[in-house]
Number of protein chains: 2
Amino acid sequence: MAVTLKDIAQAVGKSVSTVSSALNDYEDVSQETKELVRRVAREMGYMPNIAAQRLRRKRTDTLGWILPTFGPRFSDPFFSELLAGIGNESALNGFDLLVSTHAPGPDEDEAYRRMVSGRRVDGLLVVRTRSNDLRIAFLAEQGFPFVAFGRTQQDFDFPYVDEDGVSGMNLVIQHLIDLGHRRIAFIAAPPDLMFATYRLAGFRGTMERNGLPLDESLIVLGDLTQHTGHQAAGELLDRPDRPTAIAACNDLMALGAMAAAQERGLIVGQDVAITGFDDIPLAQHSHPALTTLHQPIYRIGRMICDMLIKCIRGESLPERHVLLQPSLVVRRSSGG
Amino acid sequence: MAVTLKDIAQAVGKSVSTVSSALNDYEDVSQETKELVRRVAREMGYMPNIAAQRLRRKRTDTLGWILPTFGPRFSDPFFSELLAGIGNESALNGFDLLVSTHAPGPDEDEAYRRMVSGRRVDGLLVVRTRSNDLRIAFLAEQGFPFVAFGRTQQDFDFPYVDEDGVSGMNLVIQHLIDLGHRRIAFIAAPPDLMFATYRLAGFRGTMERNGLPLDESLIVLGDLTQHTGHQAAGELLDRPDRPTAIAACNDLMALGAMAAAQERGLIVGQDVAITGFDDIPLAQHSHPALTTLHQPIYRIGRMICDMLIKCIRGESLPERHVLLQPSLVVRRSSGG
DNA sequence: TGCCCAAACCGAAACGTTTCAAATATAACC
DNA sequence: GGTTATATTTGAAACGTTTCGGTTTGGGCA
């Protein structure tokens, strides 16, 4: 049987409440009692029963994260790095992390409801926001603490961290234009995803600002996986009037696009320029290495986690809305 | 305030215990009462307080998984796919998943102790087992339910799923030999990792069985990331007597190795053959596509999760030890 | 009418904490 | 020695369930 406060109380000959107070370092317990209690607790291998603590304290010291998984072969290095950041930061603050997986869709809010109403967690992390995001609407209406990675178009004020996709895409498209490219294709992502919208807007804006014609047929849609990047780039490159550069909405699709180009005997960075967005570790070690926009993924994980914990604790946030500027990392794939 | 059993009891004019029994579908509650209670509960938006349930029931309906993270830029597509499998299977069974991150090392058992002694979870998942694995020793000694992905050299009997690394590596090395390769290099992984040991043993065994000399200097050590795969392959390929084929212990290192070869102007699959192990989605879409050994990662996630839940429920396992046979996927990188 | 039985329901204890008002011990002062 | 103030300690309630022994209700039967 596990050792409880009662057992310790018996062992030291004090009451349960004194033992509890001693372990929680309350003021009104004498120093020697505290030391005695703590020593005995350690010796007996005491570990508080967290279910009881949670029931009494009315908080769980647990954060929730529902991963949007697309299909069974969900394999995105972006998320594992984010998870590392979130996991480490929450552990540092003594919070547990409850992870759940759910495909985006109509019954998604059920997973959120379960977390919120069952009081499983004190706050939630929301990632990959959508323009009209039901999850955010739900949480905001409930007044439940949450922090998002990404913005939305809805009229809710909530704390978030986001990267500036518009100016990020500006940087890389301008880079391509400066290298002399005129026919630049874009592998877009589902437009309900907020970051996809921003990145596409960045692409359009930069083309326009440079007075370049925008051939809509050069904008093709992918789903963020290498697979569709591969397909999309294949279609683009098989056209008689093929583009000289392809900017992908994320690194994974860019890597797929590179493979498609290479299968066609094209030398990436020479015959065709290809760029990504995110700077996942793979980008650095592909061949040729991928020109992309760097985001501090691990640090973002820690940031949103830290912000959420501050919210839960009722502390004020120094910055409620953080917009990070991605930095351009020029590597060989753009021929720069 | 959240609605409790008491509120429902008041609303339907019955006692708390009757309401509880009704919601748990006990025998001695009349059908009409059950229906009434359930309807009212739904209408009032009742959600059980899980902290109270856990305290009373003495179980958490939660599984724990401590991810071994190596450094902040932890980014392994293998794990995100495993997570998808584990997450989906546990959700299907009504279990929560508590994820924690911890670098492998001496204070790792503290994370396990926290989960176990704090009664945070009913069972644990252990992945990436080591030959002398303190985590497994700890859990086995505590008699705490757990299922491992991977075996160990210790003398404990515990349920596990593993892939047969020896015969997997046999397949791919034999494949290379059949293609005429004689000087085959191997990018190994830290030998304390069980799967690394098996895969290396598979390499050695196949070379020996084919009567090929084993040049120990052709076995170099990596840490499973593309980065070290890249480095290791670089060293190998810069030797005057460079190998004609490189087998990597995992896909990520193989991808790094491919980049190293390509940087040196070598055509992978022609000038040098390169193979991996795991068949992560990236393997299919690299250029050239990577010859590797397929493992059903998602399914493995579901399997270990399902086994763990059975253990917790006290059900017997149809198979306590599962050894999966990886299948060879020949693609272009081996020139096959 | 009286008795028995099953079905349906209920009260109270228990799970292991935390918290707060109240009680006790200790010290300080006149 | 009595009074007051302060430092410790304590008992009991509370958190929201589940569970179990016990009570009520009403019907069937002699």
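These numbers come from a predicted model, not from an experiment. Below, read A as the first sequence line, B as the second, and so on, with proteins coming before strands; counting in each chain starts at 1.
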Check your understanding: Is any side-chain heavy atom of Leu23(A) less than 4.5 Å from a side-chain heavy atom of Leu5(A)?
Key -> yes

Practice item. Using the six-membered ring wherever Trp is involved, compare the ring planes of Phe79(B) and Trp65(B) and label them parallel, tilted or perpendicular (cut-offs 30° and 60°). Key: tilted

Exercise for review: Whole angstrom is fine here: how far is it from CE in Met47(B) over to P in dC15(D)?
Suggested key: 21 Å

Exercise for review: Side-chain contact test, heavy atoms from C-beta onward, threshold under 4.5 Å: evaluate it for Arg120(B) versus Leu98(B) and give yes or no.
Suggested key: yes

Point to revise | Sub-4.0 Å heavy-atom contacts from residues 22-37 of chain A onto DNA chain C, ordered by number | key: Asn24(A), Tyr26(A)

Point to revise | Side chain to side chain, Val161(A) and Met307(A), heavy atoms closer than 4.5 Å | key: yes

Check your understanding: Can you find a pair of side-chain heavy atoms, one from Val322(B) and one from Leu324(B), that are under 4.5 Å apart?
Key -> yes

Practice item. Answer yes or no: does a side-chain N or O of Gln53(B) lie under 4.0 Å from OP1 or OP2 of dT18(D)? Key: yes

Review point. With distance as the sole criterion, is a donor-acceptor pair present between the side chains of Asp7(A) and Tyr46(A) under 3.5 Å?
Key: no

Point to revise | Axis-to-axis angle between the two ends of the helix from dT1(C)-dA30(D) to dC30(C)-dG1(D) (five base pairs per end, rounded to 10 degrees) | key: 70°

Point to revise | Set of residues satisfying side chain to side chain contact (heavy atoms under 4.5 Å, CB included) with respect to Glu43(B), sequence neighbours excluded | key: Arg39(B)

Check your understanding: Between Asp162(A) and Arg151(A), is there a side-chain N and carboxylate O pair less than 4.0 Å apart?
Key -> yes

**Study point:** Side chains of Phe95(A) and Ile312(A) in contact at under 4.5 Å (non-hydrogen atoms)
**Key:** yes

Practice item. Select from Arg57(A) and Arg57(B) the residue whose nearest nucleotide in DNA chain C is closer to the 5' end of that strand. Key: Arg57(B)

Exercise for review: Any chance you could measure Thr152(B), atom OG1, to Leu193(B), atom CG, to the nearest 0.5 Å?
Suggested key: 12.0 Å

Check your understanding: Hey, is the side chain of Ser20(A) poking within less than 4.0 Å of OP1 or OP2 on dT17(C), counting only N and O atoms?
Key -> no

Practice item. Can you sort out which residues in residues 4-13 of chain A have a heavy atom within less than 4.0 Å of DNA chain C? Ascending by number, please. Key: Thr4(A), Leu5(A)

Point to revise | Short side-chain N/O contact to dC15(C) OP1/OP2 from Lys58(B), under 4.0 Å | key: no

Enumerate all atom pairs, one protein N or O and one N or O from nucleotides 11-13 of chain C, separated by less than 3.5 Å.
residue, atom, partner, partner atom, Å
dG11(C), N7, Ser17(B), OG, 3.2
dG11(C), O6, Ser17(B), OG, 3.1

Review point. Would the Tyr160(B) and Phe149(B) ring centres measure less than 6.0 Å apart?
Key: no

Exercise for review: Nearest 0.5 Å please: distance from the SG atom of Cys305(A) over to the CD1 atom of Ile300(A).
Suggested key: 13.5 Å

Point to revise | Any Leu97(B) side-chain heavy atom under 4.5 Å of Val99(B) side chain | key: yes

Heteroatom pairs (N/O) under 3.5 angstrom, protein to nucleotides 24-28 of chain C:
none

Review point. Which whole-number value in Å describes the distance from Ile50(B) CD1 to dC15(D) P?
Key: 18 Å

**Study point:** Salt-bridge criterion met for Arg135(B) and Asp109(B) (N-O under 4.0 Å)
**Key:** no

Review point. Within this structure, what is the OH-to-C1' distance between Tyr46(B) and dT18(D), rounded to whole angstrom?
Key: 10 Å

Review point. Hey, are Glu108(A) and Arg113(A) close enough for a salt bridge, meaning a charged N less than 4.0 Å from a carboxylate O?
Key: no

Point to revise | Lys/Arg-Asp/Glu bridge criterion (N-O < 4.0 Å) met for Asp96(B), Arg54(B) | key: yes

